[in-house]
**Student:** 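This is the structure, below, for whatever I ask next.
Residues take their numbers from the sequence shown, with the count starting at 1. Model, not experiment: these values are computed from the prediction.
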Amino acid sequence: MSTTFRNYIDGVFADASDGRTLAVVDPSTGEVYATSPLSGDADVDAAMAAAAAAFPVWRDTTPSVRQLALLKIADAMEARADELVAAESRDTGKPLHLTRSEELAPAIDQVRFFAGAARMLEGRSAGEYMEGLTSIIRREPVGVCAQVAPWNYPLLMAVWKFAPALAAGNAVVLKPSDTTPASTVLIAEIIGGVLEELELPRGIFNVICGDRETGRAMVEHPTPAMASITGSVRAGIQVAQSAAKDVKRVHLELGGKAPAVIFEDADLEKAVEDLIVGGFFNAGQDCTAATRVLVQESVHDEFVAALAKAAADTRTGQPDDEDVLYGPLNNAGQLAQVSGFIDRLPEHAKVDAGGHRVGEKGYFYAPTVVSGLQQDDEIIQNEVFGPVMTVQSFTDEAQAVAYANGVDYALASSVWTKDHARAMRMSKNLDFGCVWINTHMALVAEMPHGGYKQSGYGKDLSAYGFEDYTRIKHVMTSL
């Protein structure tokens with residue numbers, strides 16, 4: 001029996017006003033299991049009107065009220081953990097046990113973090129900076145936020161969008177990816193219940209399902225003061241161009257091509273162990289995934305052999321299999337993209353592990369390691385977004401930095417060495433928004449996540465991410 005997802009506007013679930021729908025596919029089988037609305041301009045108008053009407057009420061609540069609402073949302077998510085995990089896994093094919101521990105648990109924790117952040121919203125204290133005049137700084141919510149979440153972490157990215165926005169006093173219109181609406185629609189039900197219980201305006205949180213054109217309509221709509229997207233570089237450029245038409249604030253978290261730089265003195269065993277997870281978790285569909293391994297030439301061959309063996313021992317499979325590290329790629333287009341990179345490899349490349357689809361059903365791809373690559377190869381320069389790790393050899397620290405920084409992305413990186421001074425030099429010289437030392441892919445709510453260059457601008461998580469959803473006003477009074 002097919003499931004039907006619906007939009008959530010002003011506290012009411014509804015189909016698209018013109019009745020259009022999209023098919024939602026289970027990527028572990030490749031079969032349609034649900035439909036969701038293909039929302040058009042009328043639906044976007046309705047959601048924006050609801051958010052705009054609710055915003056002044058929410059803006060004028062005290063931080064303690066916003067904190068209580070977010071804490072209750074976190075508790076309600078925890079109480080419905082099984083439903084959220086099942087919805088997320090069905091949409092993405094992710095292993096159930098890892099979805100619960102590595103995605104839902106942090107998501108709930110992050111909602112609680114931003115509940116605390118709501119109480120920390122303040123401007124600089126009053127002072128006289130000109131004789132006879134007192135200045136104060138007000139830090140205010142920006143208004144209605146149009147937010148577009150990606151398909152790689154639908155649940156987690158929904159939280160990264162709505163939690164700081166609501167904590168700061170904004171109203172939200174959130175669009176999940178067309179391939180993964182399930183958990184976001186369930187979150188709407190959860191949030192709606194909390195807002196109703198607290199007698200708060202339900203229009204502060206709205207969910208619109210649809211495709212790229214729906215997202216464009218949201219960003220180009222005159223109501224939002226801010227557009228926030230996590231997605232591809234192409235999508236980010238389009239959002240920035242659309243938002244420029246009426247000078248909206250823009251928050252972009254886009255692609256990545258994270259280097260993991262392995263020096264000859266590194267703990268190679270730990271590096272292999274950690275990078276298998278860092279490279280293959282979520283089928284490598286992660287902007288921070290350790291996709292690009294750079295190894296000092298003296299230990300290159302030894303490291304490639306160990307990495308290839310570990311990759312061959314890593315399993316992908318069905319969501320209910322507790323022995324798999326990752327599930328399928330998200331959709332047929334993504335399977336074609338990953339396969340295409342491998343099919344087009346240059347002659348000098350060597351596939352040391354994987355390099356093929358797994359099974360005939362669903363979008364599964366084997367853990368893949370490719371070595372012998374050069375800096376200007378397509379697979380080095382472009383984001384694969386699949387379970388594929390490339391390996392390059394470098395001679396010294398200067399070449400390692402040149403190779404690592406020699407791409408258009410600048411989100412995350414890691415350096416592996418026992419030499420503290422070298423780790424510090426590398427962390428200064430690596431041109432990435434995050435540098436991990438002797439680890440890869442650890443995230444905490446208190447620390448910012450976001451990059452430079454074509455990886456976008458703005459931060460998620462942390463007080464820095466929270467501040468992105470506020471505006472600063474100077475008030476000056478004559479004494």
**Student:** Give a yes or no answer on whether the side chain of R90 reaches the backbone of A182 with a donor-acceptor pair at less than 3.5 Å.
**Tutor:**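 Absent.
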**Student:** Can you check whether F385's main-chain N or O pairs, donor with acceptor, with Q334's side chain at less than 3.5 Å?
**Tutor:**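 Checked: pair present.
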**Student:** Indicate whether the side chain of T179 and that of N330 have a donor and an acceptor atom separated by less than 3.5 Å.
**Tutor:**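 Yes, N330 and T179 have a side-chain donor paired with an acceptor closer than 3.5 Å.
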**Student:** Can a donor-acceptor pair be found between the side chains of S183 and E88 at a distance below 3.5 Å?
**Tutor:**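 Their side chains do contain a donor-acceptor pair, which is all the 3.5 Å distance test asks for.
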**Student:** For D408, is there any backbone N or O sitting under 3.5 Å from a side-chain donor or acceptor partner on K257?
**Tutor:** no
**Student:** With sequence neighbours left out, write down each residue that passes side-chain hydrogen bond (donor to acceptor under 3.5 Å, both in side chains) with D313, or none if nothing qualifies.
**Tutor:**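 Residues passing side-chain hydrogen bond (donor to acceptor under 3.5 Å, both in side chains) with D313: K309.
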**Student:** Supply the atom-to-atom distance N7 CG to N206 CG, rounded to the nearest 0.5 angstrom.
**Tutor:** 9.5 Å
**Student:** With side chains defined as the heavy atoms from C-beta onward, is the minimum distance between V85 and L96 less than 4.5 Å?
**Tutor:** yes
**Student:** For F263, does the six-membered ring have the charged nitrogen or CZ of R422 within the cation-pi criterion, i.e. under 6.0 angstrom from the centroid and within 45° of the normal?
**Tutor:**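 Satisfied, under 6.0 Å and within 45°.
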**Student:** Could you label the plane-to-plane angle of the F162 and F205 rings as parallel, tilted or perpendicular, counting under 30° as parallel and over 60° as perpendicular?
**Tutor:**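 F162 vs F205 ring planes: perpendicular.
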**Student:** Can you say whether the rings of H356 and Y365 are parallel (under 30°), tilted (30 to 60°) or perpendicular (over 60°)?
**Tutor:**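 If you compare the ring of H356 with that of Y365, the planes turn out tilted.
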**Student:** Can you check whether H440 and W416 have ring centres sitting under 6.0 Å from each other?
**Tutor:** no
**Student:** Under a plain distance cut-off of 3.5 Å, with no hydrogens placed, do H251 and D468 share a side-chain donor-acceptor pair?
**Tutor:** yes
**Student:** Would you tell me whether D178 and S36 have side-chain atoms, one donor and one acceptor, within less than 3.5 Å of each other?
**Tutor:** no
**Student:** Checking the side chain of T390 only, and the main-chain atoms of T291 only, is there a donor and an acceptor separated by less than 3.5 Å?
**Tutor:**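 Yes: the side chain of T390 pairs with the backbone of T291.
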**Student:** Apply the side-chain contact (heavy atoms from CB on, under 4.5 Å) test between L155 and each candidate in T180, T184, L104; give the one that qualifies.
**Tutor:** L104
**Student:** Checking S455 side chain against A410 main chain: does a donor-acceptor pair fall under 3.5 Å?
**Tutor:**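 Yes; at least one donor-acceptor contact below 3.5 Å.
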**Student:** S413 side chain to D431 main-chain N or O, any donor-acceptor pair under 3.5 Å?
**Tutor:** no
**Student:** Do other residues, nucleotides or ligands put more than 12 heavy atoms under 6.0 Å from the CD atom of E378?
**Tutor:** yes
**Student:** Apply side chain to side chain contact (heavy atoms under 4.5 Å, CB included) to the pair W151 and T92, showing each step before the final yes or no.
**Tutor:** CA-CA 8 Å; W151 49 251; T92 61; over 6 Å; no
**Student:** Where the side chain of Q381 meets the backbone of Q375, is there a donor-acceptor pair that is under 3.5 Å apart?
**Tutor:**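 Yes, the answer is positive, given that a donor and an acceptor are paired below the 3.5 Å cut-off.
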**Student:** Could you tell me if T230 and Y153 have a donor-acceptor pair between their side chains, going purely by distance under 3.5 Å?
**Tutor:**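 No, no side-chain donor-acceptor contact under 3.5 Å.
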**Student:** Do T368 and I342 have side-chain heavy atoms sitting under 4.5 Å apart?
**Tutor:**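 With C-beta onward as the side chain, the pair touches.
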**Student:** Compare every heavy atom of G386 with every heavy atom of L329, then report the nearest pair and how far apart it is.
**Tutor:**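 Scanning both residues completely, I find the closest heavy atoms to be CD2-CA, 4.0 Å.
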**Student:** Can any side-chain N or O of K248 pair as donor or acceptor with the backbone N or O of V219 at less than 3.5 Å?
**Tutor:** yes
**Student:** Any chance CE of M120 has more than 12 other-residue heavy atoms, nucleotides or ligands included, within less than 6.0 Å?
**Tutor:**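 Not more than 12 within 6.0 Å, no.
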**Student:** Are any side-chain N or O atoms of T470 and backbone N or O atoms of E467, one a donor and one an acceptor, separated by less than 3.5 Å?
**Tutor:**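 Yes, because the side chain of T470 sits within donor-acceptor range (under 3.5 Å) of the backbone of E467.
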**Student:** Does atom NZ of K361 have more than 12 heavy-atom neighbours from other groups under 6.0 Å away?
**Tutor:**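 No, NZ of K361 has 12 or fewer neighbouring heavy atoms, counting only those of other groups under 6.0 Å.
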**Student:** So, taking the atom named NZ in K270 and the one named CG in N438, what distance separates them when rounded to the nearest 0.5 Å?
**Tutor:**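 K270 NZ to N438 CG: 6.5 Å, rounded to 0.5 Å.
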**Student:** In the structure I gave you, are the side-chain heavy atoms of R234 and R212 within less than 4.5 Å of one another anywhere?
**Tutor:** yes
**Student:** Using a distance-only test with no angle check, is there a side-chain donor-acceptor pair under 3.5 angstrom linking D286 and T288?
**Tutor:** yes
**Student:** Within 45° of the six-membered ring axis of F341 and under 6.0 Å from that ring's centre, is NZ or CZ of R344 located there?
**Tutor:** yes
**Student:** Under 3.5 Å, is there a donor-acceptor pair linking the side chains of H348 and D377?
**Tutor:**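 D377 and H348 do have a side-chain donor-acceptor pair below 3.5 Å.
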**Student:** S228 and side chain to side chain donor-acceptor pair (under 3.5 Å): which partner among E253, Q147, K161, R249?
**Tutor:** K161
**Student:** For S462 and E446, does a side-chain donor sit closer than 3.5 Å to a side-chain acceptor?
**Tutor:** no
**Student:** Would a distance-only check, ignoring hydrogens and angles, find a side-chain to backbone donor-acceptor pair under 3.5 Å from R357 to A366?
**Tutor:** no
